[in-house]
Structures are given as C-alpha cells and as structure tokens.
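First up is the structure itself, then whatever we jot down about it.
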Amino acid sequence: MGGEIRNGNVEKATISIPEIKFTKLFINGEFVHSISGKTFESIDPRTEEVIANVSEGDKEDVDLAVKVARQAFDHGPWPRLPGCERRRIMLKFADLIDENVEELAALDALDAANLYSLGKAKQIHDGAELIRYYAGAADKIHGTTLKMSRELQGYTLVEPIGVVGHIIPWNFPTQMFVMKVGPALAAGCTMVVKPAEQTPLSALYYAHLAKQAGVPDGVINVVTGYGSTAGAAISSHMDIDMVSFTGSTETGHRIMQGAATSNLKAVSLELGGKSPFIVFDDADVDRVAPLALVGCFFNQGQICVAGSRIFIQEGIYDKFIARLLEEVKTWVVGDPFDPNVNQGPQVDKKQYEKVLSYIERGKKEGATLLVGGKPLPGKGYYIEPTIFTNVTDDMTIAKEEIFGPVMSIMKFKSMEEAIKRANGTKYGLAAGIMTNDLNIANTVARSVRAGAVWINCYFAFDNDLPVGGYKMSGFGKDMGIEALHKYLLTKSVATPIFNSPWL
Amino acid sequence: MAARRISSLVSRSLPPLSRDGKQSCLGRGIYRYGTTAAHEEPIKPPVTVEYDKLLINGQFVDAASGKTFPTLDPRSGEVIAHVAEGDTEDINRAVAAARKAFDEGPWPKMTAYERCRIMLRFADLVEKHNDEIAALETWDNGKVYEQSAHIEIPMLARLFRYYAGWADKIHGLTIRADGPYHVQSLHEPIGVAGQIIPWNFPLLMFAWKVGPALACGNTVVLKTAEQTPLSALLAGLPDGVLNVVSGFGPSAGAALCSHMDVDKLAFTGSTATGKIVLELAAKSNLKPVTLELGGKSPFIVCEDADVDKAVEVAHFALFFNQGQCCCAGSRTFVHEKVYDEFVAKAKERAMKRNVGDPFKTGMEQGPQIDAEQFHKILKYIKYGKECGATLETGGDSFGTKGYYIQPTVFSNVQDDMPIAKDEIFGPVQSVLKFKDNAEVIRRANNSPYGLAAGIFTQDLDTANTLTRALRVGTVWVNCFDTFDAAIPFGGYKMSGIGREKGEYSLKNYLQVKAVVTSLKNPAWL
C-alpha cells in the first residue's frame with residue numbers, strides 16, 4: 001500500500017459531533033412522523049454505529065407530500081410570486097446556509113463521509129453559491145416573441161412545470177440537494193425531495209432553513225425513505241409532473257419505467273459513468289498525475305464523473321506511473337473529520353463490499369495490482385486507494401462503474417485509438433484530456449461522446465456549467481441555465497393580427 | 001449628495017418607476033390643489049448633507065479648481081449645499097482612475113460571482129439607508145417623499161439585484177461554421193463607460209446605467225452626484241471602479257463625451273443634448289453611444305375603454321413626478337364618443353390633485369425642479385391659451401414660494417399647437433379628439449419622438465393593431481409607466497438609440513470577440 005493510512009477512530013476526531021435535530025419527514029412546513037411510524041437507521045460509516053433513527057417514508061407519505069405540493073403549486077403563492085420575490089427568498093436561504101456551514105458540513109461528514117474541512121471551507125458555501133446563482137435567474141426566465149409566416153402574433157410563455165419529484169443520491173448530499181432544488185425553486189415549482197436512505201440528515205436541515213428563509217409551506221417537502229418504496233412511489237405518482245433523478249443507471253431504468261407506466265411525467269436522469277481521463281505524450285506529468293489521482297479517488301471514488309479509466313499514451317506511460325506512485329504516497333485515508341485526510345470510508349457496508357468484490361475481479365481477470373487493494377483493518381468502511389495497471393478494455397473493472405477508490409490504467413498508441421477506446425462504453429458522462437496540443441485537444445473534445453469535457457483540468461464544476469450525460473449516463477442537465485429549463489414548460493400562443501405595418 | 005441640476009447637458013428627461021407607482025397618487029382627494037399647503041413653511045428634511053464632493057478613485061475629493069455650485073431646494077429656492085463643480089481636469093482624473101481599474105483590475109478580473117456578491121451587498125446597503133436616501137432625493141429634487149421612499153429606492157435595490165444576477169450568466173455562443181473551424185464568441189466588458197444621468201430620477205437612472213455596466217465588468221465615470229456612491233464603497237467596490245463627478249454639461253459633460261480614453265457613452269437627457277453627445281463621440285474616438293432622450297408620448301383612449309380607469313391612468317401618466325418624465329403621456333388622444341365624458345372627468349381628477357410640500361404625507365405633486373423649468377412650463381401654458389386650446393383647469397403657478405405649478409388640463413388641443421408638439425416636462429395635460437384607429441395611428445406617429453405610448457381598449461384586435469403600428473419603444477396596454485428591471489426601455493426615432501434595462505442593457509456594456517480556430521479532423525461540424 002502506498003498511502004499513509006490512519007484508521008478511522010472517532011476518538012481521534014477533534015470536532016464535536018452536532019446534535020441531530022431533524023429526523024422526521026418534512027411535509028407542508030412541518031416535521032412529522034411517517035404514517036406507519038416506522039424508522040430506519042442512519043449509520044456512521046466510520047464506526048458502523050447508528051447516528052440517528054430516521055422516519056421511514058413510504059407510498060402514503062409520498063401521497064401526502066404530493067398532495068400538499070400540488071396544493072402549493074395550484075393555489076399557493078410560490079409560482080405566483082414575481083421572480084424578484086422568489087429571488088429574495090432564495091438569497092435569504094443562501095445566507096442561512098452560509099450561517100450554518102459548520103453544522104451542515106458536520107452532518108455530511110457524519111452521514112456521507114464527505115471531508116469535514118473541505119465542506120466547511122468550500123463545499124457548503126458552494127451550495128449557497130448555487131442557490132444564489134438560481135436566485136439571480138428567477139427574474140430572467142424569458143419566452144420569445146415569434147416571427148410568424150402569416151398575419152399572426154406569436155409568442156411563447158415559459159411556465160413552471162408543476163410538482164417535481166427529486167430523487168437524490170448519497171455521495172454529495174448538499175450539492176445534490178441544491179443542484180435539484182435551486183433551479184426548481186427559481187422556476188416556481190413545488191417539490192418532493194427524497195434523499196438517499198444512507199444520507200437523509202442534511203436534506204432535512206436544508207428544508208428547515210428554506211422555511212426560515214420564507215419558502216412557503218408545501219413548496220419543499222422531504223420524504224426520507226428507501227428507493228424501492230418511497231422512490232418508486234414518486235416515479236410512478238400520477239400527480240407529479242416531472243421527476244429528476246441522480247443515481248445509478250440501473251435505478252435510472254426503473255425511474256423511467258415508473259414514469260412511462262404512470263402519467264408519462266417528464267424525466268431527467270443523471271446516471272453512472274466510466275469516464276476516460278486521457279493523458280497524451282506532451283502532458284505535464286507533474287500537473288497531471290495529481291489531477292488523475294484526485295479525479296479518481298476524490299470522495300472515495302464515489303462520484304459519477306470520476307475519471308476511472310486512465311488512458312496513457314505509451315511515450316509518457318512509465319514516467320506517469322512513477323509520478324503517480326509518488327503522489328499516491330501522500331494520499332491519506334482516515335477519519336473525514338481529520339483535516340489531514342484525503343479519503344474517508346465508503347458510505348455503507350453494501351458499497352464497501354461491492355468495491356472489494358470489484359478489486360477481486362480485477363485481480364482474477366489478470367490486471368496488475370500496483371498499489372492498494374485491501375480494506376483497512378478495524379472499524380469502518382475504509383478501503384485503500386487502489387491502482388490497477390495492464391487493464392484491458394474487456395475487463396469488468398474497465399467496463400463497470402465501481403464507485404470506489406479503484407483506478408484502472410491503460411496504455412494507448414495513437415489519438416485515434418484513444419478516442420475509439422474512450423468511446424467504447426455505454427456511458428458518456430465526462431472526459432479529461434491532458435495535452436497542450438491545440439489540435440489534439442479540439443479533435444478529442446469533439447470526438448468524445450460525453451456531456452462534460454475537461455481539458456487540462458478535472459472536476460471543473462461551475463454554477464454556469466451544465467453537467468449531464470450522453471448515452472446511458474442519462475439525459476437532461478444539472479447546473480447552468482439548462483437545468484432551469486428542465487423545470488419549465490413552453491406554451492406557444494398565437495393570435496391573428498390585422499393591418500400590421502410589418503410582419 | 002447633490003448635483004442633479006447637472007447643467008444644460010443633462011437638462012432633463014427620463015422615466016420613472018416601478019410596477020405600480022400609483023399608491024401615492026390615488027384616492028385621498030382631500031384637498032383641491034388651491035389649498036394653502038405650499039404656503040406653509042417647508043418641512044425640515046430628516047437628513048443632513050454629508051457628501052458634496054466628487055468621488056474619484058475611491059476618495060471624496062474637491063474639484064481641481066476648488067469651485068462649487070449651489071444646489072437649491074425647489075420648495076423654496078434656498079441653497080441646500082454647495083457641491084464640488086467638476087470640470088475637464090476632474091473628468092481626466094476620474095477617467096484615469098477608471099482606466100487603471102479596468103486595465104489592471106481587480107474588477108474585470110474578478111469572478112462574476114464575486115462581482116455579483118458585491119452588487120448584492122450594495123443593494124442591501126441601499127435598503128438599509130432607504131429613508132435617508134429618499135429624504136435627500138426629495139429635498140434635492142422636489143419629488144414626493146412617499147414616492148422616493150416606497151417606490152424609487154426599493155426599485156434601485158431591485159435593479160442592482162437584478163443585474164447582480166446577470167453577472168454570472170453572460171453567455172456568448174459557440175458557433176457552427178461553414179468548414180473545419182471551431183468558433184466561439186466571447187462577450188467581453190467594453191472598458192471605461194462614461195455615463196451621464198438626468199435630474200428627474202437620479203437614483204433610478206444611476207441603477208439603470210451603473211448596474212449593467214458593473215455586472216459586465218466595466219469601470220464607470222458617472223456625471224452627476226448622489227448619496228449612493230458611499231454605499232458602493234462600503235459594499236466592497238474596488239477603488240476606481242465607480243467614479244462620480246458632478247458638474248455642468250458644457251464643461252464636465254463635454255469632457256467626458258470627447259475623452260479619448262472613454263470606451264462607451266450612455267446618456268439620458270434631452271434630444272438637443274443627445275445630439276451634442278453623439279457629435280462629440282463622433283469627433284473624438286468613435287465610442288459607441290446609448291441615448292435615452294425626450295418624448296411626446298401618445299396616450300390613446302379608444303371608444304370601448306373603461307373611461308374612469310382611463311382617466312385615472314392618463315392622469316397618472318402625465319402628472320407623475322410633476323410631469324418630469326421623458327415618457328410622460330403628454331398627448332392624450334380620446335375617441336370622440338367618450339371625449340366629453342373624459343374631459344370632464346380628467347378636469348375633475350386634476351382639480352383633486354394634492355399639491356404641496358413633498359415631505360408632507362398624502363401629497364401627489366411637489367415643486368418643479370428649478371426656476372428655469374418652472375418658467376418654461378408657464379410659457380408653454382401661455383402658448384396653449386394663446387393658440388386657442390381650452391383651459392379646463394389650472395394654468396398658473398401655485399403658492400408664493402418655490403416652483404409649484406397647478407395641475408393643468410387643456411382640451412380641444414390641435415396637433416400643430418406647441419403644447420401638442422413640444423416636450424413640456426411639466427404638469428400640463430393636452431387632450432385631443434380622434435375618430436378612428438387609422439387617424440389616431442397617423443397622428444400619434446406624427447412626431448419626431450417615439451419613446452412610449454399608452455393604449456386603452458378592451459378590444460384585442462385594436463390593441464394588436466395599435467401596438468404594432470405605433471413607432472415607439474414601449475407600448476403600455478391598459479396600464480402606463482409600468483417599469484420593471486427586466487423590461488427594456490428606449491426610443492424609436494429621435495427619442496434615442498439603444499435599450500436600457502433587462503437583458504438588452506447588457507449589450508451596451510459588452511463587446512463581442514469572435515474566436516476562430518482551425519480544426520484538424522473534427523468528429524462533426
């Protein structure tokens with residue numbers, strides 16, 4: 001194992017764990033028990049111990065949440081407020097997020113093993129920033145007046161789509177919440193949010209802050225629970241107008257089926273990936289090796305755009321591997337509350353076991369294990385950063401999304417070959433291109449069938465930069481103005497005109 | 001504070017208000033305008049004048065010449081303060097500071113999000129000092145305090161928040177070319193923007209001009225002076241990004257327009273001055289110019305209109321802000337079938353207008369801005385009488401002190417009378433009669449101006465026909481003076497060039513760079 005390993009003992013953490021304030025469903029502005037009264041356990045992945053017992057929402061809770069969201073949309077103030085008023089409330093919401101950074105960062109570290117220091121210094125503020133971005137968009141939703149071919153006045157009205165169901169994953173609870181809720185709020189929609197059962201806590205906290213900011217009751221409802229029950233109830237609900245899902249491709253199929261067999265609700269899917277990170281001969285190894293490491297191992301590899309297939313051109317291959325090995329030695333695994341740590345535990349036992357089984361498959365199918373490959377001893381779902389070389393395109397670890405700290409390295413000769421192999425996947429979420437050659441950069445950028453291409457950078461997310469998949473990585477964009485338009489519908493209006501001096 | 005009487009260069013103009021500016025103007029018909037309201041001693045404004053200097057490179061400084069000019073209280077003609085009088089030398093210093101702030105940063109080099117946050121903080125500060133700024137505005141300008149405090153200052157904050165939201169959403173295009181080329185358009189800030197604003201809505205004009213310029217990453221030299229620059233500094237605006245020079249048109253204004261190092265001009269004021277501004281830009285460095293100029297806007301009441309509502313809105317359209325609006329509905333065209341009823345009710349409404357000290361609660365109309373405007377308006381009223389228009393009510397000054405004028409209504413106005421042709425910029429309503437749509441379209445368009453129009457009708461076809469036929473920049477159907485941060489505003493014909501507010505205003509402060517890169521082996525074109 002190359003990296004420094006610190007076992008994830010809670011005793012080591014110097015940060016005081018916040019009291020868990022919100023564990024019930026948030027419906028119509030109130031925290032309420034689930035109708036069944038059932039709860040489920042939210043587990044601390046560092047210790048495998050229970051953090052809190054959270055209300056387990058099921059179909060009837062979703063029904064109730066949809067009913068109030070429907071009421072809030074059909075008769076409530078939210079879609080009827082001028083955009084500048086929605087903006088005002090959203091700006092207040094963003095300010096409240098900034099004011100509660102420490103607690104929110106702690107919740108995500110506890111629940112999702114997101115790095116606490118990073119959350120506190122950046123990620124939670126980024127969430128507030130994204131809310132501000134969409135706040136600023138709320139009064140800039142424009143339809144168009146049209147150039148009609150006859151004596152008609154034509155125009156489009158852009159209207160909120162209605163009640164939205166958001167089903168969000170566990171890897172970045174904050175970012176996923178604001179990414180879905182922000183544009184839907186700006187558009188004037190009302191919504192039911194189902195956070196992942198692994199990470200329900202911060203979503204409930206955000207709902208509480210939104211209410212404090214002045215978001216009217218019924219506009220944001222949070223139903224915590226499982227995908228097969230609460231999630232399925234959302235995707236097949238007859239009174240939800242649109243479902244926006246981020247998660248696995250496998251679940252994406254089920255969401256879309258639920259929509260297809262119920263009311264044909266609009267669907268937006270941000271699914272899995274197996275994104276290529278392509279390093280050309282002219283790349284600056286000192287810059288690129290650390291980027292490759294972060295691009296694959298950040299957040300324990302639990303990121304849909306992870307650069308999990310590293311293609312390295314043969315001329316730079318040995319140099320790159322040497323530099324990568326050096327770099328991985330500085331990569332620290334341990335308690336996410338420890339400011340020196342780069343990588344925490346996997347989110348739960350199931351993911352942990354799944355990642356380990358992929359590592360075994362890699363070994364068995366003949367890839368060379370360069371570093372890592374083992375779980376950490378002791379409590380918690382920690383796995384060593386793992387790098388395989390000599391990986392071939394047909395191996396399981398090169399084909400499937402592992403969602404763990406497992407990097408697969410492959411060698412290539414020509415640009416044409418890299419393009420062909422990079423595209424040889426059912427996924428198309430992101431790609432990294434490492435070169436200073438303008439022609440290579442432009443050619444590959446246009447050739448890769450992926451929704452986000454980062455040239456000499458990776459994870460260059462931005463409020464204004466839309467992200468979403470090609471192929472089976474999904475459809476529809478999150479972030480940017482494009483995401484706002486997912487939550488809007490266009491109505492075309494035409495009326496005859498007479499004696500117009502121009503047409 | 002101060003210099004809104006910024007000379008002949010900025011002699012007058014432009015528009016007002018928010019969505020519904022009517023609350024201070026409707027109802028409450030307690031006094032006839034002939035009461036003694038204006039004879040009482042002026043109410044002492046609850047504010048002191050702290051800022052009477054130029055703002056250059058983050059510092060409040062005296063004019064290079066050391067000269068000042070008095071700013072007067074239009075309620076009494078007395079001096080409120082002596083304000084630094086900027087001239088060419090001051091403009092040069094301000095432009096140099098703005099140039100440095102643009103070329104060296106940090107403003108245009110900051111992330112758009114950071115610019116957005118600073119502008120949001122500025123809006124918060126404006127809101128916090130709402131009443132103080134409103135009091136200064138009323139004291140200096142004579143406009144009704146309730147209008148300043150409840151409509152204009154909140155609208156200023158709204159405009160800044162609106163443009164703050166644009167800062168990080170300024171998108172160029174990637175463009176499909178006819179060949180193996182990768183094409184992008186970059187929308188870049190234009191540089192140093194010179195802005196000249198009028199006295200009728202100093203703060204709103206400040207927001208219309210400065211908001212989009214800052215959001216796009218430009219630096220600004222603004223000719224006028226107000227309370228607001230201090231708040232901008234507190235908000236974290238870097239030195240040199242916003243410079244404010246008060247002074248006179250022929251000196252400071254002309255220096256700004258002719259400056260070789262100013263990249264863009266935006267002017268709001270009279271058509272006569274607009275011509276000079278454009279000429280100076282042409283003679284110097286060909287800087288692009290946005291102009292918002294005068295108007296003589298038609299307000300058309302069709303035969304099917306709800307007369308009571310039309311009377312009220314037509315009254316508001318003309319008398320709002322003492323008639324000192326560039327888009328004032330100053331030609332009230334009324335269909336012959338409802339003409340008599342309309343004139344009687346318009347007269348009745350004007351007679352109920354509450355005129356008096358703008359600091360007094362319930363007032364609808366304060367004094368005109370200054371002696372020059374006051375005398376000019378009285379001269380037009382005289383022309384109206386001499387030309388044979390029927391004076392229904394008003395027709396004279398009001399009170400013994402200050403620049404108050406009676407709300408005045410003329411009927412039987414003909415198209416060739418000066419009161420139907422010229423921009424009066426005062427509380428003088430001219431009512432004209434028409435027979436059919438074709439006639440009113442022709443007459444409404446028979447003006448060198450084309451700023452705005454109001455249409456009152458319930459008939460969809462009439463509304464659509466008139467809307468498209470009128471050669472004006474804004475058409476209000478069954479409403480008037482409906483302003484909003486997102487609605488573009490500007491003139492056809494000699495009412496100006498370009499549009500302000502909304503997304504359209506960003507274009508004034510951006511320039512487009514096309515970037516074309518040859519492609520090798522593109523996967524698609």
Side-chain angles (χ1 to χ4, degrees), chain A residues 82-88 90-92 94-95 98 125-126 128-130 132-142 145 151-153 186 415-416 419-420 423 437-449 462-466 480-482 484 495-503, chain B residues 18-19 111-114 116-117 119-121 123-124 127 154-155 157-159 161-171 174 180-182 215 437-438 441 445 459-471 484-488 502-504 506 517-525:
Chain A
C84 64
E85 290 301 319
R86 286 201 295 276
R87 173 187 63 200
R88 202 174 173 73
M90 290 176 70
L91 287 175
K92 175 78 181 156
D95 290 344
D98 277 338
H125 290 297
D126 286 351
E129 190 175 319
L130 191 64
R132 284 194 189 95
Y133 174 85
Y134 286 113
D139 55 4
K140 298 170 185 69
I141 297 169
H142 301 318
T145 56
E151 289 206 307
L152 290 170
Q153 165 71 7
M415 178 184 75
E416 290 72 19
I419 291 169
K420 185 162 172 280
N423 281 336
D437 184 307
L438 188 60
N439 285 326
I440 293 177
N442 280 335
T443 301
V444 179
R446 287 181 172 235
S447 301
V448 171
R449 305 279 297 159
D462 194 276
N463 297 333
D464 205 32
L465 181 107
I481 295 300
E482 287 201 35
L484 181 65
T495 185
I497 46 170
F498 303 98
N499 304 318
S500 176
W502 53 270
L503 279 179
Chain B
S18 63
R19 295 175 292 127
T111 67
Y113 178 70
E114 286 174 288
C116 159
R117 288 306 302 275
M119 292 176 70
L120 288 175
R121 278 202 290 276
D124 290 345
E127 221 158 54
M155 189 61 182
R158 287 238 298 272
L159 279 155
R161 290 202 180 97
Y162 176 81
Y163 281 109
W166 270 122
D168 55 5
K169 298 171 189 70
I170 292 168
H171 299 152
T174 58
Y181 300 99
H182 171 55
N437 287 348
I441 288 168
N445 281 336
D459 187 291
L460 185 61
D461 291 336
T462 302
N464 281 333
T465 299
L466 292 181
T467 294
R468 286 181 167 237
L470 294 171
R471 307 274 300 155
D484 182 313
I487 303 174
E503 188 176 358
Y504 294 86
L506 300 174
T517 309
S518 171
L519 282 178
K520 206 174 147 190
N521 301 320
W524 50 269
L525 282 177

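A, B, ... follow the sequence lines: proteins, then strands. Residue 1 opens every chain.
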Completion exercise
One should read off an interatomic distance between A:C84 SG and B:D484 CG, to the nearest 0.5 angstrom, of 7.0 Å

Exercise for the section: Can you tell which part of A:I419 gets under 4.5 Å to a heavy atom of chain B, answering side chain, backbone, both or neither? Expected result: neither

Handout entry: Donor-acceptor contact below 3.5 Å, side chain B:K520 vs main chain A:N442
Key = no

Handout entry: Closest non-hydrogen atom pair between B:A469 and A:P501, with its separation
Key = CA-CG, 3.6 Å

Practice task
Tell me, please, which residues at least two apart from B:D459 pass side-chain hydrogen bond (donor to acceptor under 3.5 Å, both in side chains).
Solution key: B:T462

Exercise for the section: May I ask you to name which of A:G83, A:A445, A:A135, A:A137 has the most heavy-atom pairs under 4.5 Å with chain B? Expected result: A:A137

Handout entry: B:S518 OG to A:N439 CG distance, which is reported to the nearest 0.5 Å
Key = 6.5 Å

Practice task
Just give me the residue among B:D461, B:L120, B:N437 that pairs up with chain A most often, heavy atom to heavy atom, under 4.5 Å.
Solution key: B:D461

Handout entry: Minimum-distance pair of heavy atoms, taken over all atoms of A:D139 and B:Y162
Key = OD2-CD1, 3.3 Å

Handout entry: Options A:K140, A:R87, A:R88, ranked by heavy-atom pairs under 4.5 Å with chain B, top entry
Key = A:K140

Completion exercise
In terms of heavy-atom pairs under 4.5 Å with chain B, the winner among A:H142, A:M415, A:E129 is A:E129

Exercise for the section: Output the distance between atom CG (A:D95) and atom CG (B:D124), rounded to the nearest 0.5 Å. Expected result: 7.5 Å

Practice task
Look only at the side chain of B:K169 and the backbone of A:Y133, and say whether a donor-acceptor pair between them is shorter than 3.5 Å.
Solution key: yes

Problem - B:L519 and A:R446, any side-chain heavy atoms less than 4.5 Å apart - result: yes

Handout entry: Part of B:R117 within contact of chain A (heavy atom distance under 4.5 Å)
Key = side chain

Completion exercise
Honestly, the part of B:L460 sitting under 4.5 Å from a heavy atom of chain A is side chain

Practice task
Counting only heavy atoms closer than 4.5 Å, note whether B:Y113 contacts chain A via side chain, backbone, both or neither.
Solution key: side chain

Practice task
Could you tell me whether the side chain of A:Q153 reaches within less than 4.5 Å of the side chain of B:T467, counting heavy atoms only?
Solution key: no

Handout entry: salt bridge (charged side-chain N to carboxylate O under 4.0 Å, His left out) partners of B:D168, counting only residues at least two apart
Key = none

Practice task
First locate atom CZ of B:R468, then atom CG of A:L503, and finally report the distance between them rounded to the nearest 0.5 Å.
Solution key: 6.5 Å

Exercise for the section: In sequence, state the C-alpha distance, the side-chain angles, and the governing distance for A:I481 and B:H171, and then conclude on side chain to side chain contact (heavy atoms under 4.5 Å, CB included). Expected result: CA-CA 10 Å; A:I481 295 300; B:H171 299 152; 3.8 Å; yes

Completion exercise
Value for CG (B:N464) from CG (A:N499), rounded to nearest 0.5 Å, stands at 11.5 Å

Handout entry: Which atoms of A:L91 approach chain B - backbone, side chain, both or neither, heavy atom under 4.5 Å
Key = side chain

